[in-house]
There are 2 protein chains.
Amino acid sequence: MARRRQAVTIKHVAADAGVSLQTVSRVINKEPNVRPSMQEKVQASIDRLGYIPSIAAQRMSGSRSYLILALNDRERTIADWRARQGSDWIDQMLLGGMLKCAELGYRMIFELVDTHNDHVERELGAAIAALQPDGVILTPPHSDNPLITNLLTAHKIPFAQIGSEGQGGGIPLIMGDQDAARKATEHLLGLGHTNIGFIAGPSDYLLSGWRLAGWKGAMESAGCATSGKSQEGDFSFASGAAAAKILLCQSDRPTAILASNDHMAVATMEVASELGLSVPTDLSVISFDNTPMAIFARPSLTAVDQPIADTTARAIELLISAKNGDTPVLGPTIIPADLVLRDSTGPAPL
Amino acid sequence: MARRRQAVTIKHVAADAGVSLQTVSRVINKEPNVRPSMQEKVQASIDRLGYIPSIAAQRMSGSRSYLILALNDRERTIADWRARQGSDWIDQMLLGGMLKCAELGYRMIFELVDTHNDHVERELGAAIAALQPDGVILTPPHSDNPLITNLLTAHKIPFAQIGSEGQGGGIPLIMGDQDAARKATEHLLGLGHTNIGFIAGPSDYLLSGWRLAGWKGAMESAGCATSGKSQEGDFSFASGAAAAKILLCQSDRPTAILASNDHMAVATMEVASELGLSVPTDLSVISFDNTPMAIFARPSLTAVDQPIADTTARAIELLISAKNGDTPVLGPTIIPADLVLRDSTGPAPL
DNA sequence: TTGAAAGCGCTAACAC
DNA sequence: GTGTTAGCGCTTTCAA
């Protein structure tokens, strides 16, 4: 295969504009100290020749690769893809991240890593060596993995930690779980519910705690009891069903349940149906995440949306700012989550 | 920001192993004419130092970037993402493509292009100049777009055309639509159905024709009538409902319908329900694509799976072979599609 | 404000 | 079979 050469290089532009390579480089990188007339002349040549810099060459000589690496857990991601159940986490990251990258002249590359073992360091190290990304986006459950955060810190590569409060020294972003849980609970309170159950996520996810706190806070502010009204699941359908069964078989049965993800909410509706309860007449249900499952459930689920796209987009912006040496934002960036109203919620039964 | 240097370069390895750069390069690239003892010694240094070549440097000097570009239609992809209805085309491409790339030492980068206007050339040209990909994967509806295929041909970049018979000079891959349609129809015939309706996709999609031909072929082989039993939709829910209404209001109503995608199949079930027909007792329904919607539909849909992951993986293999100068496969590569049995099909009513 | 020179990490081409 | 040399396209450093 023939040696491949760039069609139009910086040399062509320089020759065309009658200036040095360096001046063209300055124009490309929007550096100061270029006379406007020069800048215009060079830009005209660039446009005329349709010149686009090679990112490989930029990376070779300069300090940037114009590449952002997004890391996801290998096992979970592949399992979701194979299940074809419409878990759209990756799509939403792509939606927010790719478009924002494109806007800023960057590209996003996905990489899967094994969180469970020590391969992480080798795998991530290889990706860093091969690509030299300008920034890395970490996602749960490894946003706070010290093996990863230490490695990135050592390499001086800025990184965003989605769903983390930023212990690792990166840029933390969280999705307003606590506020959203409060909002969802308040919505139910507004519908007249006072006995509202909660199905929590596993405690090793930080967001499980945030969601729980939001529900608890809203309940307590309204003077409603929370004791004995919450059960922990592990995000799976089975665990949701088990939790729902416990809550719904109590003598003082809740008239509404807030479940920490869509799977557990669907399970709750199924259990309700088995018990002869209809949703939303006898029981209102609200879920978290708003994956496609929430739309397709019958009745469709009122859900707290997870603003993955917005969060990823913001992560990209902050990463590039950090790379540019801008002063970092203090504290975690919170992306607010909306409540999407559908058919699984209604007024409390009399 | 400090100038970033590679931690371990080919030089370090060469020094460590006491050989020339070139020898290390030969080992990395698995070139012949390296004495086994040399190869082992160098490999030992590589392993010990944890050396990984920089793809930017490889691209700069050599003829490969180790990057594969996957092109998708901007408008449709973004619309799907925003709808959050679980269309998992991109996920499946990622599943098949990313894993295969990783296996072969490549990376996959996604890019969205506007198919509708002449921006394509500018957009794609820019992506090519910036990334210099070793191969490009084209997806419907622009697998045969001459603006794109000509540009790639001119740049001598190998490209795969998914869902195309290969008019553009690329590597064509198709997903066995015709065979699958035949299989699906035969499945219905096997259940005793003889009056089987078909809802076609829009005629500007090549695969619409293939699916239609498969149904027609199976019907004719079985001696069943096809005239008046097919209606064209445009893949939307509304068009599916309209087509189903026409088919199901005929005096000689079909006992089974094969719809060219999941949306139109769900619409068909809804229309059946309105007409007081129950699925699958009175009417069997089979869909194409097997997106998450097919799982969540009630009853769940028996569907022809679209093997996007397998197809993408194969495309990567063929692209890299082409890049290596291997002799191309003749004719389109056909990836067989399976029929996934669920609850929307049953024996023909008596 | 602009230009010239050096070099990033690697491979192709050629010499030995 | 192995080493040497000359770049790839760009930015950095330094000089003018």
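Values below: every heavy atom of this structure, side chains too, minus hydrogens, waters and symmetry copies. Because the structure is a prediction, the values reported are computed rather than measured. Proteins get letters first, then strands, A, B, ... in listed order; numbering begins at 1 in each.
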Whole Å only: how far is the CD1 atom of B/I52 from the P atom of C/dC10?
-> 11 Å

Could you state the atom-to-atom distance from CZ of A/R64 to P of D/dT11 in whole Å?
-> 11 Å

Do A/R107 and A/C101 have side chains that get closer than 4.5 Å, going by heavy atoms?
-> no

Interatomic distance where CD1 belongs to B/I55 and P belongs to C/dG9 [whole Å] = 15 Å

Pick the nucleotide of DNA chain D nearest each of A/I10 and B/N33; which residue has the one closer to the 5' end?
-> B/N33

Under 4.0 angstrom, heavy atoms only, what part of the nucleic acid is B/Q58 near: base, sugar-phosphate, or nothing?
-> sugar-phosphate

With a 4.0 Å cut-off on heavy atoms, is B/V24 in touch with a base, just the backbone sugar-phosphate, or nothing at all?
-> nothing

Quick one: which of D/dT4, D/dC10, C/dG3 gets closest to the side chain of A/Y51?
-> D/dC10

Closest to the A/K11 side chain, choosing from D/dT12, D/dC10, D/dC8 = D/dC8

Derivation of the side chain to side chain donor-acceptor pair (under 3.5 Å) call for B/R64 and B/N29 | CA-CA 11 Å; B/R64 10 186 39 118; B/N29 296 295; over 6 Å; no

Is any side-chain nitrogen or oxygen of B/T23 closer than 4.0 Å to OP1 or OP2 of D/dG1?
-> no

Take the protein atom CG of B/L21 and the nucleotide atom C1' of D/dG7, then report the distance between them rounded to whole Å.
-> 14 Å

So, do B/V113 and B/R74 sit near enough that their side-chain heavy atoms are less than 4.5 Å apart?
-> no

State whether A/R59 places a side-chain N or O below 4.0 Å from either non-bridging phosphate oxygen (OP1 or OP2) of C/dC8.
-> no

Here the distance between atom P of C/dT1 and atom CD of A/E31, to the nearest Å, is 12 Å

Among C/dG3, C/dT2, C/dC10, the one nearest any side-chain atom of A/M38 is C/dT2

Nearest-nucleotide pick for A/I28, side chain only, options being C/dG3, D/dT11, C/dG9 | D/dT11

Determine whether any donor atom in the side chain of A/S61 lies under 3.5 Å from an acceptor atom in the base of C/dC8, or the reverse, and answer yes or no.
-> no

Does B/R26 or B/S54 map to a spot on DNA chain C nearer the 5' end, using the closest nucleotide for each?
-> B/S54

B/T9 side chain: which of D/dC8, C/dG9, C/dA4 is closest?
-> C/dG9

Within-4.5 Å side-chain heavy-atom neighbours: B/I90 and B/F110 | yes

B/K30 NZ to C/dC10 C1', straight-line distance once rounded to whole Å | 16 Å

A/M60 CE to C/dA6 P, in whole Å, measures 18 Å

Audit row: B/Q92, B/T312, side chain to side chain contact (heavy atoms under 4.5 Å, CB included) steps and yes/no = CA-CA 8 Å; B/Q92 296 299 310; B/T312 309; over 6 Å; no

Answer yes or no: is there a side-chain heavy-atom contact under 4.5 Å between B/Q161 and B/T149?
-> yes

5' precedence on DNA chain D between A/S25 and B/P32 (nearest-nucleotide basis) = B/P32

Whole angstrom is fine here: how far is it from CD in B/Q6 over to P in C/dG7?
-> 18 Å

